[in-house]
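Only this structure's heavy atoms are used, side chains among them; waters, hydrogens and symmetry mates stay out. Counting starts at 1 for both ligands and their atoms, following the listed order.
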Amino acid sequence: MTLSSKLSDPRLFRQYAYVDGKWTHGEGGREEAVFDPATGEALGHIPWLEAHQITAAVDAAEAAFVHWRALRADERCERLLAWYDLLQAHREDLATLMTLEQGKPLPDARGEVEYGASFVRWFAEEGKRTFGETIPSHIPNAALGTIKEPVGIAALITPWNFPLAMITRKAAAAMAAGCTVIVKPAGETPFSALALAELAERAGIPAGVFNVVLGDPPEVSRILCAEDRVKALSFTGSTRVGRLLLEQCANTVKRVSLELGGNAPFIVGPDMDPREAAFAAVAAKFQTAGQDCLAADRILVHESIHDAFVEHFAERMAALTVGNGLESEIDLGPLIHRQAVEKAAAIVDDAISKGATLVAGDQSQAPGENFFMPVLLTGVTHDMKIWHEESFAPVAGITAYADDDQVIEMANDTEYGLAAYIYTHDIRRIWKIMRALEFGMVSVNSVKMTGPPVPFGGVKHSGLGREGGVTGIDEYLETKYYCLGALGSVSGS
Ligand code: NAD
């Protein structure tokens, strides 16, 4: 059965790049297959564009910028809201496409479509509130103030773990600000990005405003970073690649926003019900099969409830179902590819060789070669890879701690600083730990923390800038200061 036959609207499945409102072949003839990680079957192919075709996308975005920025904010809002409506109307097809190329269970994919669409609605409205300010003048007979203007063309480079929402969280902000965008999705999950392009076209977003380019990742990124006409780069992905891109943007002094890796601590206080906390930790660890920058990577449990917590965690983990995300009642789909499975196995082996205890996780039960059964390790310590590296897999590591000062030190013992979780009802403990954590986002007694109204982003090596919230649009705006002099005598100036 072909992929398009699984969709109620087959035209959402596109095997071309999308440049200047046209579906585009690669002129060099090179194509890459895209695989279903659950079955290993090829879903389709995408072209790799030649260098001059990437430059043509910049030409198109430059030409479209002239007209797009000139629209009134409410006119851009209307078009973005039409895009939002189409995302909602095609939620089921978008979710199916996502499960097929990414592997996450269908209910999670539906959730991501909702989540991704919610940023389009949020920024459609925020675009109408890009207020400047009036500055009390220190210059005689002058009026001072600021206006906000779009930065220009924005290049958006995105990962495979959230193939739709990581694009809309950037693109909707940029487009609402009046920028045009060139999206370079991950090669593993291009079809969600291309379906977004199809729906953008149907929503009346003009040619050249939303472009999707495909090709060799280092080559495409190098061209976009070196292009002086590209004024902003927004990247979500690994810290390793984020560093490379930051360097590549230095020559053209671009605006750079980076949403990079995470290594979230999940801190459980001694006052917690171990069952409640363990169930929350399972939810925070195993979403998207652990391939999540917010995954609870280091679970730090007070020694007084450690054993009970481990027992409840293991019980809850044992109930998780692993399988093809298109089937019903599946909690964990496959990992994105075989290398991810091998990396997870190596991280588990490393921890065990350094003294961690394997409580659960039998890989002989895996339903296919890209699947990894959930693993629970206890006795995890600082010298193990799992402490410092994102496992990006369903591998949970638990460590006991003695007091608040020790757990703060443990939690901050990482290059990353994206998200952290605290579970305790002791308000003094919450305040002390929350203030001491070197993370951009801290969630207390809640697994869910993200959404359009909040500033999403990290500190340390987890990134630069924030997405979402009232500040997310600022990444795509310049502040222009004006001084209107020689106005004559104005009262109060
Ligand atoms: P990745 O860095 O390998 O790839 C991200 C993007 O960069 C893809 O489009 C890829 O094609 C491209 N790329 C890869 N190598 C490149 C190179 N040498 N030069 C230029 N571009 C290159 O990351 P990934 O494996 O796709 O995603 C997982 C990572 O993303 C994890 O580290 C995760 O924590 C992070 N992530 C962060 C957030 C956040 O909001 N902070 C959200 C989701 C994922």
Exercise for the section: Output the list of atoms in ligand 1 that are nearer than 4.0 Å to some heavy atom of Arg169, sorted by atom number. Expected result: 40 (O)
Problem - Nearest protein heavy atom with distance in Å, relative to atom 25 (O) of ligand 1 - result: Trp160 NE1, 2.9 Å
Exercise for the section: Assess the pair Tyr416 and Trp387: is the distance between their ring centroids shorter than 6.0 Å? Expected result: no
Fill in the blank from the handout: One finds that the ligand 1 atoms under 4.0 Å from a non-hydrogen atom of Pro185 are 9 (O)
Fill in the blank from the handout: atom 3 (O) of ligand 1: closest protein heavy atom, distance to 0.1 Å, is Ser238 OG, 4.0 Å
Handout entry: Expected output: side-chain Arg229 to main-chain Glu62 donor-acceptor under 3.5 Å
Key = no
Completion exercise
Looking at Phe162, Phe235, Phe456, the heavy atom closest to atom 7 (O) of ligand 1 belongs to Phe235
Problem - Enumerated ligand 1 atoms positioned under 4.0 Å from heavy atoms of Leu418 - result: 41 (N)
Handout entry: Met166 contact mode with ligand 1 (heavy-atom cut-off under 4.0 Å)
Key = side chain
Exercise for the section: Assess the side chains of Ser462 and Lys460: does a donor N or O sit below 3.5 Å from an acceptor N or O? Expected result: no
Fill in the blank from the handout: For Gly262, the atoms of ligand 1 under 4.0 Å from one of its heavy atoms are 34 (O)
Problem - Ion pair Lys285/Asp292, N-O distance below 4.0 Å - result: no
Exercise for the section: For the residue pair Phe123 and Phe119, categorise the inter-ring angle as parallel (less than 30°), tilted (30 to 60°) or perpendicular (more than 60°). Expected result: parallel
Problem - Cationic N near anionic O, under 4.0 Å, Arg243 to Glu247 - result: no
Handout entry: Parallel, tilted or perpendicular: rings of Tyr16 and Trp23 (30°, 60°)
Key = tilted
Exercise for the section: Evaluate the ring planes of Phe313 and Phe286, with Trp represented by its six-membered ring, and classify them as parallel (under 30°), tilted (30 to 60°) or perpendicular (over 60°). Expected result: tilted
Handout entry: Part of Ser462 within contact of ligand 1 (heavy atoms, under 4.0 Å)
Key = neither
Handout entry: Heavy-atom nearest neighbour in the protein, as seen from atom 27 (O) of ligand 1, with distance rounded to 0.1 Å
Key = Pro159 CB, 3.3 Å
Handout entry: Closest protein heavy atom to atom 8 (C) of ligand 1, given as residue, atom name and distance to 0.1 Å
Key = Thr158 O, 3.2 Å
Practice task
Please answer whether the main-chain N or O of Val58 pairs with a side-chain N or O of Glu227 as donor and acceptor at a distance below 3.5 Å.
Solution key: no
Completion exercise
of all protein heavy atoms, closest to atom 41 (N) of ligand 1 is Leu260 O, 2.9 Å
Practice task
Would you mind checking if Glu114 and Arg110 are paired as a salt bridge, meaning a charged N to carboxylate O distance below 4.0 Å?
Solution key: no
Fill in the blank from the handout: For Thr236, the ligand 1 atoms with a heavy-atom partner under 4.0 Å come out as 5 (C), 36 (N), 37 (C), 38 (C), 39 (C), 40 (O), 42 (C), 43 (C), 44 (C)
Exercise for the section: For atom 19 (N) of ligand 1, find the nearest protein heavy atom and state the residue, atom name and distance (0.1 Å precision). Expected result: Pro218 CA, 3.5 Å
Problem - Protein contact of atom 33 (C) of ligand 1 - nearest heavy atom, named by residue and atom, plus distance - result: Phe392 CZ, 3.3 Å
Handout entry: Numbered atoms of ligand 1 (with element) below 4.0 Å of Ile157, judged on heavy atoms
Key = 6 (C), 7 (O), 9 (O)
Exercise for the section: Give yes if a backbone or side-chain nitrogen or oxygen of Thr239 is under 3.5 Å from a nitrogen or oxygen of ligand 1, and no if not. Expected result: no
Practice task
Give the residue and atom name of whichever protein heavy atom lies nearest to atom 11 (O) of ligand 1, and the separation in Å to one decimal.
Solution key: Lys184 NZ, 2.7 Å
Completion exercise
Filtering Asp292, Val241, Asn161 for the heavy atom nearest atom 22 (C) of ligand 1 leaves Val241
Practice task
Would you check if the side chain of Asn324 reaches a backbone N or O of Pro334 as a donor-acceptor pair within less than 3.5 Å?
Solution key: no
